[in-house]
Amino acid sequence: MKLTGREKSSLILEGVVTVILLVLLNMAIIMIIQDVIQGNPGVTSGIFMIKQSLRLGPFQTQIWSYQRIIIVLFVIIDAWVVWWRLRRRYHLYQMNHIIGELHYIAQGHLDHRIPFRLKGSEQHVISSVNALVDSAVKSMDDERKIEKSKDELITNVSHDLRTPLTSIIGYLGLIEDKQYQSEEDILKYTHTAYEKAKQMKNLVEDLFEYTKVQQHGAPVNIMRIDLNQLLEQLTASFELEAQHRGIEISSKVVPNPLMIEADPEKLGRVFNNLVANAFKYGNGASYIRVDARQRADQVEVTVANDGTPIPAQSLDHLFERFYRAEASRSRATGGTGLGLAIVKSIVDLHHGTVTVTSDENETAFVVTLPLKQAK
């Protein structure tokens, strides 16, 4: 840190004044000592005897003047006092500069950092202040992102709820106003309203699940489970739908059994969403396979199908909430755009990762989880 010209002048002036005061003080003390010694013959005689008998160094040098010893001591003490006062004043200037920088930052210049590099405790203060400002700026940015995320969530939910709700009100309004020709028309209108109501229910349930797993400190009921049993139960629950669509669904786990620490309910939701996603969007698929394999201290679960590939430009956005690779097709199949976002959130809670690849041969979602959760 560089001092200003005024501070340098003040520092030099204080050093000069301190030296002058110390010299005057030393002269006064020496004169007092001389008066005491000269006024007491016994002390004078004792000092003379000590000088005659005392020899110093390898050459047995004799001390001829006690004043020189006193002067040397005073010079050492004076030098220390001057150094201490100047150092204290210099530290005071440093703190004034730091306080000035703090006032500048406090005025709203949050992109500014204290640029000084000092030694000792002052540098700890500077590092702590800069770290505190960085933390505050990050917190503010995070808060803005959260607020923006909330606004986007409300906008998307409002839009996705309004569409089916408009249809429900419209068809029920036709019935209410008796604008139908036959009982067949009534059944058609009520069926459409019923399907739209189920679509709304799915959206609300997915939204509830998403917000629950997104909450800070969301509860995770970790227990030791057999992944083979979980996946077998999962594929069994989809067998009827698979038969109806002419799709072969299977699961394979290596080794068997494969024990893993996880929340069985949440993990079941992950693979249920992935398999349901394959049924909804894997048009023309002949198989859906769910394979799990242990790799060192992790397990890799793959949910794959050979249906219509996902567009390459959509792969990086699939796990964003409310994202639909094909909006019209997703709404037609009742997709909420939250299924894969829920998958990622739950996998994150288990300290794992989820990735996706898709080409003309196969679309595969790969979930990697640790065998044991950190305590």
Could you label the plane-to-plane angle of the Tyr104 and His109 rings as parallel, tilted or perpendicular, counting under 30° as parallel and over 60° as perpendicular? parallel

Any donor and acceptor pair, going by atom type alone, linking the side chain of Asp263 with main-chain N or O of Asn221 inside 3.5 Å? yes

Can you name the nearest heavy-atom pair linking Leu110 to Val133, along with the distance? O-CG1, 3.9 Å

Approximate separation, where rounding is to 0.5 Å, of Gln298 CD and Thr353 OG1: 7.0 Å

Donor-acceptor contact present, side-chain Asn272 to main-chain Gly268, <3.5 Å: no

Closer than 3.5 angstrom, by distance alone: can the side chain of Ser358 be matched with the main-chain N or O of Ile310 as a donor-acceptor pair? yes

Side chains of Phe238 and Ile288, heavy atoms from C-beta outward: is any pair under 4.5 Å? no

Under 4.0 Å between a Lys/Arg side-chain N and an Asp/Glu carboxylate O for Arg245 and Glu241? yes

Fit a plane to each ring of Trp84 and Trp80, take the angle between them on a 0 to 90° scale, and name the class: parallel (under 30°), tilted (30 to 60°) or perpendicular (over 60°). parallel

Any side-chain heavy atom of Glu248 sitting closer than 4.5 Å to one from Ser286? no

Answer yes or no: is there an ion pair linking Arg144 with Glu147, defined by an N-O contact shorter than 4.0 Å? no

What verdict does the side-chain contact (heavy atoms from CB on, under 4.5 Å) test give for Met200 and Ile168, after you've listed the backbone C-alpha separation in whole Å, the side-chain angles of each residue and the deciding distance to 0.1 Å? CA-CA 10 Å; Met200 288 181 61; Ile168 293 172; 3.7 Å; yes

With no hydrogens and no angle check, is any side-chain donor or acceptor of Asn277 less than 3.5 Å from a backbone partner on Asn273? no

One pair to check against ring-ring contact (aromatic ring centres under 6.0 Å, His included): Tyr180 and Tyr189. What are the steps and the verdict? CA-CA 9 Å; Tyr180 51 84; Tyr189 297 160; 7.4 Å; no

Hey, any chance Val137 and Leu132 share a hydrophobic cluster, counting ILVMFWY side chains that come within less than 4.5 Å of each other, even indirectly? no

Heavy atoms of Thr363 and Pro309 approach each other most closely as OG1-CA, 3.8 Å

Verify same cluster id: Tyr90, Leu92 (apolar side-chain graph, 4.5 Å): no

Please round to the nearest 0.5 Å and tell me the distance separating atom CD1 of Ile260 and atom CZ of Arg224. 9.5 Å

Please determine whether a side-chain nitrogen of the Lys or Arg among Glu300 and Arg293 lies less than 4.0 Å from a carboxylate oxygen of the Asp or Glu. no

When you compare the side chain of Val204 with that of Leu161, does any pair of heavy atoms fall below 4.5 Å? yes

Side-chain contact, heavy-atom cut-off 4.5 Å: Val253 with Val299? no

Atom CZ of Phe271 and atom CG of Leu230: how far apart are they, to the nearest 0.5 Å? 7.0 Å

Please report the C-alpha distance between Val356 and Val366 in whole Å, then the side-chain angles of each, then the deciding distance to 0.1 Å, and finally whether the side-chain contact (heavy atoms from CB on, under 4.5 Å) criterion is met. CA-CA 6 Å; Val356 59; Val366 181; over 6 Å; no

ILVMFWY network linking Val347 to Met223, side-chain heavy atoms under 4.5 angstrom: yes

Is there a donor-acceptor pair under 3.5 Å between the side chain of Ser135 and the backbone N or O of Ala131? no

Are Asp134 and Lys138 ion-paired here, with the side-chain N under 4.0 Å from a carboxylate O? no

Determine whether more than 12 heavy atoms belonging to other residues, nucleotides or ligands lie under 6.0 Å from atom CZ of Arg85. no

Which heavy atom in Ile346 sits nearest to a heavy atom in Val270, and how many Å separate them? CG2-CG2, 3.4 Å

Nearest non-hydrogen partners of Ile175 and Thr190, listed with the distance: CD1-CG2, 3.4 Å

Within a reach of under 6.0 Å around NE2 of His91, are more than 12 heavy atoms found that belong to other residues, nucleotides or ligands? yes

Connected hydrophobic set around Val17, excluding itself, where side chains approach under 4.5 Å: Leu13, Leu21

Give a yes or no answer on whether the side chain of Ser237 reaches the backbone of Leu234 with a donor-acceptor pair at less than 3.5 Å. yes

Decide, yes or no, whether a salt bridge links Lys201 with Glu205 under the criterion of side-chain N to carboxylate O below 4.0 Å. yes

Tyr171 OH: over 12 foreign heavy atoms closer than 6.0 Å: no

Any donor-acceptor pair under 3.5 Å from Asn130 side chain to Ile114 backbone: yes

Note: Leu267 and Ala262 closest approach over all heavy atoms is CD2-CB, 3.7 Å

Which is it for Val367 and Leu274 under the side-chain contact (heavy atoms from CB on, under 4.5 Å) test, yes or no, and what are the steps along the way? CA-CA 10 Å; Val367 177; Leu274 291 177; 3.9 Å; yes

As a quick check of understanding, evaluate side chain to side chain donor-acceptor pair (under 3.5 Å) for Asp291 and Thr302, giving each step before the final call. CA-CA 5 Å; Asp291 297 338; Thr302 303; over 6 Å; no

Going from CG on Leu349 to CD1 on Ile222, what distance comes out if it is rounded to the nearest 0.5 angstrom? 8.5 Å

Electrostatic pair Glu261:Lys372 at N-O distance under 4.0 angstrom: no

A quick test of your reading: do over 12 heavy atoms of other residues, nucleotides or ligands sit less than 6.0 Å from CD of Gln179? yes

Is there a side-chain contact between Arg289 and Ser251, using heavy atoms and a 4.5 Å cut-off? no

Side-chain heavy atoms of Val220 within contact of His350, under 4.5 Å: yes

Do the side chains of Ile12 and Val19 join up, straight or via other hydrophobic residues, at under 4.5 Å, putting them in one cluster? no

What is the distance from atom CD1 of Ile71 to atom CE of Met27, rounded to the nearest 0.5 Å? 10.0 Å

Does the side chain of His112 reach to within under 4.5 Å of the side chain of Glu101, using non-hydrogen atoms? yes

Is it true that, when you exclude Met259 itself, more than 12 heavy atoms of the residues, nucleotides or ligands shown sit nearer than 6.0 Å to its CE? yes

Under a single-linkage definition using a 4.5 Å side-chain heavy-atom cutoff for Ile, Leu, Val, Met, Phe, Trp and Tyr, are Val254 and Leu258 assigned to the same hydrophobic cluster? no

Between the CD1 atom in Ile186 and the NZ atom in Lys178, the distance rounded to the nearest 0.5 Å is 9.0 Å

Are side-chain heavy atoms of Ser139 and Glu143 found at a separation under 4.5 Å? no

Verify side-chain contact (heavy atoms from CB on, under 4.5 Å) between Ser345 and Phe319, making sure each step is shown before the conclusion. CA-CA 9 Å; Ser345 297; Phe319 299 103; over 6 Å; no

Looking at Tyr287 and Asn361, what are the two nearest heavy atoms and their distance? OH-O, 4.4 Å

